[in-house]
> 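Pasting a structure here, questions to come.
All figures in this text were calculated on a predicted structure; none of them were measured in a lab. All ligand and atom numbering here is 1-based and tracks the order in the structure.
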Amino acid sequence: MKENQAGDYFVVKAKENGVSVIGMTRGRDTRFHHSEKLDKGEVMLAQFTESTSAVKIRGKAEVMTPFGKMDTEEE
Ligand code: TRP
């Protein structure tokens, strides 16, 4: 994936304070490279990029991807 090429987008909507959206590196090593904290109601739109191949979400959130919509946890 080239840097200027758009990868898939996803949307995370925090359902509580302190939700983390953690970017994991692309390539041989899979490690954390960015952690973004969202408070309740905050929405983050992000893409998979040349640097980011996976994303881990901690906390209660709604996640929308090209595969559909899901919640990280049920009440
Ligand atoms: N600098 C990161 C990148 O270009 C920014 C980023 C993109 C990111 N998508 C993300 C960070 C998803 C966390 C989660 O890859």
Side-chain angles (χ1 to χ4, degrees):
M1 191 187 296
K2 285 184 191 153
E3 209 162 358
N4 63 355
Q5 224 172 358
D8 282 335
Y9 274 93
F10 59 91
V11 177
V12 181
K13 182 175 184 182
K15 288 180 151 183
E16 64 179 359
N17 289 336
V19 169
S20 296
V21 180
I22 300 160
M24 320 280 293
T25 55
R26 188 177 295 282
R28 199 168 174 79
D29 297 331
T30 306
R31 55 179 172 74
F32 289 19
H33 70 78
H34 185 99
S35 180
E36 192 66 33
K37 286 268 191 216
L38 304 183
D39 282 333
K40 190 172 182 173
E42 281 189 314
V43 173
M44 180 172 171
L45 291 92
Q47 268 178 308
F48 292 99
T49 66
E50 190 170 69
S51 327
T52 305
S53 66
V55 172
K56 181 168 163 171
I57 297 159
R58 281 190 186 146
K60 205 179 286 184
E62 193 173 311
V63 184
M64 280 157 271
T65 76
F67 305 106
K69 187 169 126 180
M70 70 210 86
D71 288 306
T72 55
E73 35 184 295
E74 300 301 327
E75 298 270 342

> For Thr65, give me all partners under side-chain contact (heavy atoms from CB on, under 4.5 Å), at least two apart in sequence or on another chain.
Phe10, Val63, Phe67, Met70
> Write none if no such pair exists; otherwise list each N/O atom of ligand 1 with its protein N/O partner under 3.5 Å and the distance.
from, atom 1, to, atom 2, distance (Å)
ligand 1, 4 (O), Thr49, OG1, 3.4
ligand 1, 9 (N), Gln47, O, 2.7
ligand 1, 15 (O), Thr49, OG1, 2.4
ligand 1, 15 (O), Thr52, OG1, 2.5

> Closest heavy-atom contact between Thr25 and Ser53?
O-OG, 3.1 Å
> Considering only Ile, Leu, Val, Met, Phe, Trp and Tyr, and joining two whenever side-chain heavy atoms are under 4.5 Å apart, list the other residues clustered with Ile22.
Met24, Phe32
> Show which side-chain atoms of residues 33-45 pair as donor or acceptor with protein atoms under 3.5 Å away, not counting sequence neighbours.
from, atom 1, to, atom 2, distance (Å)
His33, NE2, Thr52, OG1, 2.9
His34, NE2, Glu36, OE1, 2.7
Lys37, NZ, Ser20, OG, 3.1
Asp39, OD1, Gly18, N, 3.4
Glu42, OE1, Asp39, N, 2.6

> Let me see the working for Phe48 and Arg26 under side-chain contact (heavy atoms from CB on, under 4.5 Å), right down to the final yes or no.
CA-CA 9 Å; Phe48 292 99; Arg26 188 177 295 282; 4.2 Å; yes
> Ala61 and Val12: which non-hydrogen atoms are nearest, and at how many Å?
CB-CG1, 3.9 Å
